[in-house]
Amino acid sequence: MTRGANLAMAEREIPFYQPLGEECALFEHAYRRRLPLLLKGPTGCGKTRFVTHMAARLGRACYTVACHDDLTAADLTGRYLLRGGDTVWVDGPLTRAVREGAICYLDEVVEARKDVTVVLHPLTDDRRVLPLERTGELLEASEGFMLVVSYNPGYQNILKNLKPSTRQRFLALEFGFPPPELETAIVARESGLAKERCAALVRLAHRLRELKEQDLEEGVSTRLLVYCATLISAGVSPDFAVRTALIEPLTDDPDVKAGLLEVVRAAYG
Ligand SMILES: Nc1ncnc2c1ncn2[C@@H]1O[C@H](COP(=O)(O)OP(=O)(O)OP(=O)(O)O)[C@@H](O)[C@H]1O
């Protein structure tokens, strides 16, 4: 295979990620030194893309779990299931990652039930073990295993916070919305829309985000900007694309919506 073909294949396999700072080098240090990583930041700002990109760069599989308030330790570790009359043990995603040496990414980890932290603790200190009570195994994490978790401090409330004894087992990286030139590059690359048109959408997003503090739980995400640009690129009128991608998903409150539309009108005249 030619060098060009090799490069083309590598690019196909590694999801595009636009670095915002030194986070890629930091991830690699953490991976090599077997340190777990916590990503903090608003929804849709690139946390998941960062993890899948780094996993591909490091040649590791990546198992992502979106945590929710019904998620139990058994959903992560595994359970006995009936298969053709036999009871067989089936590994959950965390156990698979531990056995195979893959990256396990737990999105919105604060949502998970309390018993989940119990299985994470021995995995996130120098023991790197996963006790499987049901099978009586004590699994030692394989070489390439890494645990990455994320949470959105914006949704945080007093009941749903990580305990210091959990937080202080992780290195932590803070994510935010990218600066305008980088966000423009991301939106253009992801949507295929011309750069100048993406730059105008990014400027609009900045104005909409200024409203966030007063009226919205969270500002418009990079993800929504990509959706908006994708619609425009597909031929949807910019007005309708902005309304369906940048206004309606943010709020149901008619007054807040009117405020957002005012910002759009002021920006586009
Ligand atoms: N730095 C970036 N490089 C490339 N794409 C990005 C970047 N930041 C955001 N995106 C785009 O935004 C989309 C949403 O990002 P992603 O799914 O990683 O968000 P997230 O922070 O994990 O959100 P959530 O917390 O809701 O899971 C991506 O699919 C991608 O199109």
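Keep in mind that this is a model prediction, so the values were computed, not measured.
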Requested in this report: Kindly confirm or rule out a cation-pi arrangement of R49 over F16, judged by NZ or CZ under 6.0 Å from the six-membered ring centre and within 45° of its axis?
Outcome: no
Requested in this report: Determine which pairs satisfy side chain to side chain donor-acceptor pair (under 3.5 Å) with at least one residue from residues 80-90, sequence neighbours left out, and list them in order.
Outcome: W89-D91
Query raised in the report: Which pairs pass side chain to side chain donor-acceptor pair (under 3.5 Å) with one or both residues in residues 234-243, sequence neighbours excluded?
Result: R243-E248
Report task. Could you note down all residue pairs passing ring-ring contact (aromatic ring centres under 6.0 Å, His included) where residues 20-49 supplies at least one of them, sequence neighbours left out? Result -> F27-F50
Query raised in the report: Can you check side chain to side chain contact (heavy atoms under 4.5 Å, CB included) on T166 and Q168, steps first, answer last?
Result: CA-CA 5 Å; T166 306; Q168 296 208 16; over 6 Å; no
**Report entry** Exercise: identify the closest heavy-atom pair between L139 and E137
**Finding:** CD2-OE2, 3.6 Å
Testing the 3.5 Å rule here: is there a donor-acceptor pair between the side chains of [X] and [Y]?
{"X": "E108", "Y": "S150", "value": "no"}
{"X": "E190", "Y": "Y227", "value": "no"}
{"X": "Y151", "Y": "E111", "value": "no"}

**Report entry** Residue pair R223 / C45, side-chain heavy-atom distance below 4.5 Å
**Finding:** no
Query raised in the report: With A241, which residues qualify under side chain to side chain contact (heavy atoms under 4.5 Å, CB included), at least two apart?
Result: C228, L231, I232, V236
Report task. Say whether L106 and F175 are linked into one hydrophobic cluster, either directly or through other cluster members, by side-chain heavy-atom distances under 4.5 angstrom. Result -> no
Query raised in the report: If you group Ile, Leu, Val, Met, Phe, Trp and Tyr by side-chain heavy-atom gaps below 4.5 Å, do V65 and V109 land in one group?
Result: yes
NZ/NE/NH1/NH2 to OD/OE distance under 4.0 Å, [X] and [Y]:
{"X": "R265", "Y": "E262", "result": "yes"}
{"X": "D125", "Y": "R169", "result": "yes"}
{"X": "E218", "Y": "R209", "result": "no"}
{"X": "E140", "Y": "R127", "result": "no"}

Requested in this report: Tell me, please, which residues at least two apart from R128 pass side-chain hydrogen bond (donor to acceptor under 3.5 Å, both in side chains).
Outcome: none
Query raised in the report: What pairs with E28 under side-chain hydrogen bond (donor to acceptor under 3.5 Å, both in side chains), at least two apart in sequence or on another chain?
Result: R32
Report task. Give me the one residue out of L171, I103, D107 that meets side-chain contact (heavy atoms from CB on, under 4.5 Å) with V148. Result -> I103
